[in-house]
Visitor: 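Sharing a structure with you now.
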Protein chains: 2
Amino acid sequence: MAERPKLSTVAAAAGVSTATVSQVLRGTGRISARTRERVLAAVRAVNYLPDRRAAALRSGENHEIGLVLHHLANPFNAELISGVSDRLERDGHLVSVLDSRDDADRQTRNLRALIGNRRGGLIWVPASGTDAATLDLLTAQRLPVVTLLHRVSEGFDHVGLRDAAALGRAVDHLARLGHRHIAFLGGTTPRAPRSERIDGYARALAAHRLGPPHVLPCDDSKPAGLAAMLALRETRPDVTAVVCNGDMVALGACLGLARRGEMAGREISVIGFDDVADAALATPALTTLSVAPYDLGCLLADRLLARLADPAAAPVTRHVEATLVIRDTTAPPPPH
Amino acid sequence: MAERPKLSTVAAAAGVSTATVSQVLRGTGRISARTRERVLAAVRAVNYLPDRRAAALRSGENHEIGLVLHHLANPFNAELISGVSDRLERDGHLVSVLDSRDDADRQTRNLRALIGNRRGGLIWVPASGTDAATLDLLTAQRLPVVTLLHRVSEGFDHVGLRDAAALGRAVDHLARLGHRHIAFLGGTTPRAPRSERIDGYARALAAHRLGPPHVLPCDDSKPAGLAAMLALRETRPDVTAVVCNGDMVALGACLGLARRGEMAGREISVIGFDDVADAALATPALTTLSVAPYDLGCLLADRLLARLADPAAAPVTRHVEATLVIRDTTAPPPPH
DNA sequence: CCTCCCTGATACAACGTTATACCAAAACGG
DNA sequence: CCGTTTTGGTATAACGTTGTATCAGGGAGG
């Protein structure tokens, strides 16, 4: 029956002014212990929950954070979200997650909606095809933004991976095992982080005096990885190892091998990227470049908190290593 | 340099009052074509994006929707989110996703934060251990809420699955193949939907005059399913088929079999629930009870939209069928 | 030429908070 | 016992919108 209680409801119940209630609730100003108790009792009595929107409007403080992902379906992201949320919620922020599904238009709509609803900051994994107008919009609103993986502007804080170095380690490992023909599988767009991974791959090949790079583009999904591996076996039977743009592609590639009656780590070595939970669980277990997504989330959150604390500071870039986790999908090439 | 433009910025640029700008932007009132053009030009010129929070405060309208999941990591949810978002964004709403990770405390914090930040409606998959205080909070705020899967209150709209019937079909299928000892795998809490699934399983067993139910509780994850299957093979070698509380458990169980050198669909038949994308992709492909998560999301969104349109109407409950998709993990039991 | 009535735009108060200036009463020092 | 400070609280104006009452001006009708 009762309307939603507001500050004035509490004030009336406690017999004080709204200003007093507000001060008690925020712990500012000089309020005696006696009236504080009265006010808190009234708050409980009417079951009052402050309207943060109105508070934000007046105070200018904003504790709502947007987290825009380019592909929520990737299991990598669930843990990333956990890391971001845990850290930010501890500081009283509310994190809302949106999925652009790698669609630039949807991403633009999402970002506009987030700005319109006045998020105080953004953590953003840009989709491919992000346009300049959207970027201008964000900078014009001077919204604190931290991008992840794909750098789209020098004006934002950024957290990236040491992609080239990681791919170098993967190729080193394969070369040491004796592989001479190593392909790169996955991704479709000529942008970071994929381009940097391909760079690292190509440079490592050259360092080992192995043949020219062979890049096979495909979506970062299991079905695409499966199809790509089937195609690779047909067209390039000399290739004995592949490094992949992501674990989904790698796991799909393994499935493709299984479908041919072959097996990763026997006919062909496979290395993934991300180390999603399924990588260790798959049979054979996937050798992969591991980045701890929960910790990555924490890092992003910390970066954003620092930015919120000092909006004027120069943009900061951090890079995170991906470490090679050797499991069962890499082995010396078959003798024949 | 420039501050974030507001209504008055636009008004000044167009040489009209703020009220006029507001009316133009919302298409209400009587404004001549000439001034409308001037205003719209000014909007573009200063790159104005309205503050929806302030608008909501004044107008009472609210287009922010919260989506609280109990386990975002389950790939089932990515598609569900897509369905919900597509439908609601089409109607101008903004959907923000939170993950309670099946932790009642975190869920309570999340819900309180959403109420505090004045979401206009909620779609909610309740976690196990949801307490009455949280429920009271939601009803006291008379927030439009649609629950999914786990019903926690008669006062909310609800969308559920026909769990018992679905499990019945699964058991029928196995019985017809000749299985006499069928176990149930997965879940830990004595609440819907698991309890209803177990009910359906037990009733179907009875109808086929098969032995007493054998329920093996475990978390709804691959590692847990793997461990449970290993345990089952040791303790109950007579069991030749399992139905699972979810695809993650079922896929984990298949991995467990593989680890023993056995195979789902040969030594043991396995049936899952959900039909996540990986179910069809796994080898062997998983027989499972399929519910189209994207469509389910649309249904939820429609339900919430109807509720927002008529907050006073009596709560509505909808049930969705899960259909049996027969793939490669079910077969007649081995002869021996 | 003076009403009367539209048309088009504006002034102003409200939404639920917070920040600040302000005030009354009590406490204190000399 | 009076001035000064401190304590504890309130009144009031914002924040950026929207809804409504109001108003100025122009055209039509008498």
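Keep in mind it's a predicted model, so treat the numbers as computed, not measured. Letters A, B, ... are given to chains in the order of the sequence lines, protein chains preceding strands, and every chain is numbered from 1.
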Visitor: Without decimals, in angstroms, what is the distance between Leu25(B) CG and dG16(D) P?
Guide: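 So the CG-P distance, Leu25(B) to dG16(D), works out to 16 Å.
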Visitor: Could you walk me through whether Arg87(A) and Asp302(A) pass the salt bridge (charged side-chain N to carboxylate O under 4.0 Å, His left out) test, one step at a time?
Guide: CA-CA 7 Å; Arg87(A) 196 63 132 229; Asp302(A) 285 338; 2.9 Å; yes
Visitor: Looking for any heavy atom pair under 4.0 Å, which part of the strands does Arg26(A) touch: base, sugar-phosphate only, or nothing?
Guide: sugar-phosphate
Visitor: Measuring from the side chain of Ser17(A) (C-beta onward, heavy atoms only), which nucleotide among dT18(D), dT10(D), dT17(C) has the closest atom?
Guide: dT10(D)
Visitor: Taking any heavy-atom pair under 4.0 Å as a contact, classify Ser32(A): base, sugar-phosphate, or nothing.
Guide: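 Sugar-phosphate only.
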Visitor: For the side chain to side chain contact (heavy atoms under 4.5 Å, CB included) test, which of Leu40(B), Thr35(B), Val39(B) pairs with Val21(B)?
Guide: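 Of the listed residues Leu40(B), Thr35(B), Val39(B), the side chain to side chain contact (heavy atoms under 4.5 Å, CB included) partner of Val21(B) is Val39(B).
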Visitor: For Thr20(B) and Leu57(B), find the nucleotide of DNA chain C closest to each by heavy atoms; which residue's nucleotide sits nearer the 5' end?
Guide: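 On the 5' side of the pair lies Thr20(B).
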Visitor: Expressed in angstrom and rounded to an integer, what is the separation of Ile115(A) atom CD1 from dG16(D) atom P?
Guide: 17 Å
Visitor: Side-chain donor or acceptor of Arg53(B) under 3.5 Å from a matching atom on the base of dG16(D)?
Guide: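 Absent.
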Visitor: For Ile31(B), which contact category applies under a 4.0 Å heavy-atom criterion: base, sugar-phosphate, or nothing?
Guide: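 Sugar-phosphate contact only - Ile31(B) comes under 4.0 Å of backbone atoms but never of a base.
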Visitor: Starting at CZ of Arg30(A) and ending at P of dT20(C), how long is that distance when rounded to a whole Å?
Guide: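 One finds 13 Å between P of dT20(C) and CZ of Arg30(A), rounded.
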Visitor: How many Å lie between NZ on Lys6(A) and C1' on dA14(C), as a whole number?
Guide: 10 Å
Visitor: Taking CZ from Arg34(A) and P from dT7(D), how many angstroms apart are they, rounded to a whole number?
Guide: 18 Å
Visitor: Please tell me which of the listed nucleotides, dA9(C), dG16(C), dA11(C), lies nearest to the side chain of Ala19(B)?
Guide: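 Among the listed nucleotides, the one closest to the side chain of Ala19(B) is dA11(C).
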Visitor: Quick one: Asn62(A) CG to dC15(D) P, roughly how many Å, whole number?
Guide: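 The answer, rounded to whole Å, is 17 Å.
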Visitor: What is the distance from CG of Asp51(A) to P of dA14(C), rounded to the nearest Å?
Guide: 19 Å
Visitor: A side-chain contact here means heavy atoms from C-beta on lying under 4.5 Å apart; do Leu49(A) and Gln141(B) qualify?
Guide: yes
Visitor: Could you check which of dG16(D), dT10(D), dT18(C) has an atom nearest any side-chain atom of Leu7(A)?
Guide: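 So the nucleotide nearest the side chain must be dT18(C).
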Visitor: In whole Å, what is the span from the CZ atom of Arg52(A) to the P atom of dT17(C)?
Guide: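 Going from CZ in Arg52(A) over to P in dT17(C) covers 9 Å.
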Visitor: Does Ala55(B) reach a base, just sugar-phosphate, or nothing at all? Heavy atoms under 4.0 Å.
Guide: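 Here Ala55(B) touches the backbone only, sparing every base.
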Visitor: Could you check whether Arg118(A) pairs with Glu64(B) (Lys NZ or Arg NE/NH1/NH2 to Asp/Glu carboxylate O, under 4.0 Å)?
Guide: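 Looking at Glu64(B) together with Arg118(A), the answer is no, because their closest N to O distance does not fall below 4.0 Å.
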Visitor: Contact class for Thr35(B) (heavy atom, under 4.0 Å): base, sugar-phosphate, or nothing?
Guide: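 Since only primed, P, OP1 and OP2 atoms lie under 4.0 Å of Thr35(B), the category is sugar-phosphate.
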Visitor: OP1 or OP2 of dG16(C) less than 4.0 angstrom from a side-chain nitrogen or oxygen of Tyr48(A), does that happen here?
Guide: no
Visitor: Answer yes or no: is there an ion pair linking Arg101(B) with Asp86(A), defined by an N-O contact shorter than 4.0 Å?
Guide: yes
Visitor: What I want to check is whether an N or O donor and acceptor connect the side chain of Arg58(A) with the base of dT18(C) at under 3.5 Å.
Guide: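 Checked by distance alone, the answer is yes.
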